[in-house]
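In what follows, a structure is listed as structure tokens, so that the remarks can point back to it.
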Amino acid sequence: MNLNFLDFEQPIAELEAKIDELRYIGDDADVNISEEVSKLEAKSKALTQSIFSSLSPWQISQLARHPQRPYTMEYIVRLFTEFHELHGDRCYADDHAIIGGMARLEGMPVMIIGQQKGRDTKEKLHRNFGMARPEGYRKALRLMRLAERFRLPVLTFIDTPGAYPGIGAEERGQSEAIAKNLFVMSGLRTPVICVVIGEGGSGGALAIGIGDRTLMLQYSTYSVISPEGCASILWKSAEKAEEAAEAMGITATRLKELGLIDRIIEEPLGGAHRDVDAMAGNLKSALLEELNQLSGVSLDELVENRYKRLMAYGQFTDR
Amino acid sequence: MSWFRKLMPSKIRTPGGNKRSIPEGLWIKCSGCSAVLYRSELERNFDVCPKCSHHMRIGARRRLEMFFDADSIEEIGTGLEPVDILKFRDSKKYRERLSAAQKDTGEKDALVVMRGTVDGMPLVAAAFEFSFMGGSMGAVVGERFVRGINTCIDNNIPFVCFSASGGARMQEALFSLMQMAKTSVALKRLSDAGIPYISVLTDPTMGGVSASFAMLGDINIAEPKALIGFAGPRVIEQTVRETLPEGFQRSEFLLEHGAIDMIIDRREMRTNLLSILGILARKPTVTSAAG
């Protein structure tokens, strides 16, 4: 079993392994097997298509947390030029779970803020699994205010299981750090576009998630609590995560239907991790389009529209 | 049940039930020091144990009635009722949970907002009903909160919120998370209008409520020994795999770490809030405000 593939991806993994093997043989044998390879490739494509045409919310939540899923930095290097990373909250520390800095997108100056996960064990620990502490949110806040002063649009990339639940994080005011970000972002006088690129986990995600547009990659998720967390509280068993994922409506498609997000960015066949360059391309054109639309709006109007957007969240009856 | 009781052999029948001669709830055991307290005496003492000063949890309506001048109250957002837009169902349907909570508490949702006067000073105050699904925040809580704030902006009067909540309401999924955003942007407007907002954190204030409006007060005040934090203590313990320090996430801990301005005993809350609001509003001293 290939650990870089999820359960439901295993049939694809087996085919791919066969193709690789054939290619390897083909390289040093005289026999021409390219025909066989292309046949298998077509089969693999069809198989992927059929598996991915009917993914359950639970499968999508696994894809959003796929070990090979591209993280913020992989998009930064593909989308932007002149990226200058900015560090630290000026109070306590530099949180490696959130990266940020200024850069250019097709020449246009922007501020980037995103949660960053790690790929191997060492990097995972360094990035704290993408779970920010208060200093991470305060760094983000500092960069947003900087962006506002110099009229740089803010682009945020959301990918976190949630804010870090630790002793030090509580001591340094995790709640206040998140709350302050919501407060400031809601009135920030510069365009803000938020993209959920993987896992949009709860308050830790929302703390860099208030803006004029919320976009989601096709196989990303956004939820108030992880399916496992929800299951262990409401069903009293983490094994009911599959049901919880279904009930909460955490997928891009469902959230678009519910009017909670604005746009879904299509992923390449088999998910973003199968073709990071293509994914980056789709993301870039979506960002450029949205930025273009927002650049024509006056700052007063921008903030007023954002206020109305936030006010519209939630349904109730009023008699 | 009576036919079933008759069938039961006498040996397994438990005495009691009908035998109770003391009216229910006349005596209450303090959850702090276990002293047995006379209910009416406890109520006169604002539900604070006279022996050990333990602050018992109290309901939203009682909290607000204690706070406002009698007969000055007008409730805001009474027509609002929750809807189950996701048709959410865990071991129970959300709709069933809602009606059970509504029946138990007599409230439509977990937040009660009122406009009135406190010693003659007009203001809006909101209070959480913790016994309504753990004081969790869904769309109705968010909307009532915002309407309270809008009343403040329209009338240029201060806003006070007494929070007691486990956080976001999972049954409303992402809608409940977005209430954090909604309440925060409303507070931004209130702040821009130059109107003071005092957040009073009571036991317990956690998760999405603490990580939004509860921590955004111009002044943050806590009741003694209230549990206040972002992540629950059990979640933290499981994550860091060490025992949490004594008094972790209690009001005194937050004061020590600079998260709140002060801790005020419930019995002195009203006088102190009045005084603080008076100073922020640059009002001349009123003698009765000191008493």
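Just so it is clear, the values below take in all heavy atoms, side chains as well, and ignore hydrogens, waters and symmetry mates.
The two residues A:Met311 and B:Val185 make their nearest non-hydrogen contact at CE-CG1, 3.7 Å. Taking each heavy atom of B:Leu177 and A:Ser223 in turn, the nearest pair found is CD2-O, 4.3 Å. Here the closest heavy-atom approach between residue B:Ala181 and residue A:Leu310 is recorded as CB-CD2, 3.9 Å. Residues B:Gly229 and A:Ser175 approach most closely at C-OG, 3.6 Å, considering heavy atoms.
Annotation: maximal heavy-atom pairing with chain A below 4.5 Å, among B:Gly258, B:Gly207, B:Ser210, occurs at B:Ser210. With chain A as the partner, the residue from B:Gln171, B:Gln238, B:Glu143, B:Arg89 showing the most heavy-atom pairs under 4.5 Å is B:Glu143. Contact count against chain B (heavy-atom pairs under 4.5 Å) is highest for A:Leu206 among A:Leu206, A:Ile225, A:Ile233, A:Leu255. The choice from B:Glu256, B:Glu81, B:Met206, B:Met180 that makes the most heavy-atom pairs within less than 4.5 Å of chain A is B:Glu81. When the candidates B:Thr78, B:Val140, B:Leu187 are compared by the number of heavy-atom contacts under 4.5 Å with chain A, B:Leu187 comes out ahead. Between chain A and the options B:Ser212, B:Ala211, B:Ala186, heavy-atom pairs under 4.5 Å are most frequent for B:Ala211. Of all the listed residues (A:Ala244, A:Ser202, A:Gly249), the one sharing the greatest number of non-hydrogen pairs under 4.5 Å with chain B is A:Ser202.
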Does the pair A:Tyr164 and B:Val240 meet the rule for a side-chain contact (heavy atoms from CB on, under 4.5 Å), with working shown?
CA-CA 10 Å; A:Tyr164 185 61; B:Val240 302; 3.6 Å; yes
Test log, rule side-chain contact (heavy atoms from CB on, under 4.5 Å), inputs B:Gln179 and A:Val224
CA-CA 11 Å; B:Gln179 302 312 305; A:Val224 66; over 6 Å; no
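Looking at B:Ala214, neither its backbone nor its side chain comes within 4.5 Å of chain A, counting heavy atoms on both sides. Only the side chain of B:Pro245 comes within contact range of chain A, with heavy atoms under 4.5 Å apart. Interface remark: B:Arg97 contributes side-chain atoms only to the contact with chain A (heavy atom separation under 4.5 Å). Contacts of A:Arg254 with chain B are made by side-chain atoms alone, with heavy-atom separations under 4.5 Å and no backbone atom involved. Both the backbone and the side chain of A:Thr317 come within less than 4.5 Å of a heavy atom in chain B. Looking at B:Thr183, there are no atoms closer than 4.5 Å to chain A (heavy atoms on both sides), in backbone or side chain. When heavy atoms are compared at a cutoff of 4.5 Å, B:Gln249 approaches chain A solely by way of its side chain, counted from C-beta outward. There is no contact between B:Glu237 and chain A, counting heavy-atom distances below 4.5 Å. In this structure, no portion of B:Ala259 lies under 4.5 Å from any heavy atom of chain A. B:Phe253 touches chain A through its side chain: at least one heavy atom from C-beta onward sits under 4.5 Å away, while N, CA, C and O do not. Residue A:Ile250: no heavy atom, backbone or side chain, is found under 4.5 Å from chain B. Proximity to chain B (any heavy atom under 4.5 Å) is shown, for A:Glu171, by both the backbone and the side chain.
Taking CD1 from A:Ile178 and CG from B:Leu216, the interatomic distance works out to 11.0 Å, rounded to the nearest 0.5 Å. A distance of 12.5 Å separates CD in A:Glu176 from CD1 in B:Ile260, rounded to the nearest 0.5 Å. Atoms CZ and OG, from A:Phe183 and B:Ser184 in turn, are 8.5 Å apart once rounded to the nearest 0.5 Å. Note that the CD atom of A:Gln174 and the CD1 atom of B:Ile236 stand 9.0 Å from one another [nearest 0.5 Å]. From B:Lys188, atom NZ reaches atom CZ of A:Arg306 across 10.0 Å, with rounding to the nearest 0.5 Å. Rounding to the nearest 0.5 Å gives a distance of 9.0 Å between CZ of B:Arg189 and OG of A:Ser186.
The environment of NZ in A:Lys240 is sparse: at most 12 heavy-atom neighbours from other residues, nucleotides or ligands sit within 6.0 Å. Enclosure of atom CZ in B:Arg95 is not indicated, since only 12 or fewer non-hydrogen atoms of other residues, nucleotides or ligands lie within 6.0 angstrom.
Within the 4.5 Å cutoff, the side chain of A:Leu234 has heavy atoms near those of the B:Phe88 side chain. In this structure, the side chains of A:Phe316 and B:Asp109 stay at 4.5 Å or more apart for every pair of heavy atoms.
Note on B:Arg250 versus A:Glu170: no salt bridge recorded, every NZ/NE/NH1/NH2 to OD/OE distance being 4.0 Å or above.
Test B:Arg144, B:Lys108, B:Arg147 against A:Asp318 for salt bridge (Lys or Arg N to Asp or Glu O under 4.0 Å) and you get one pass: B:Arg147.
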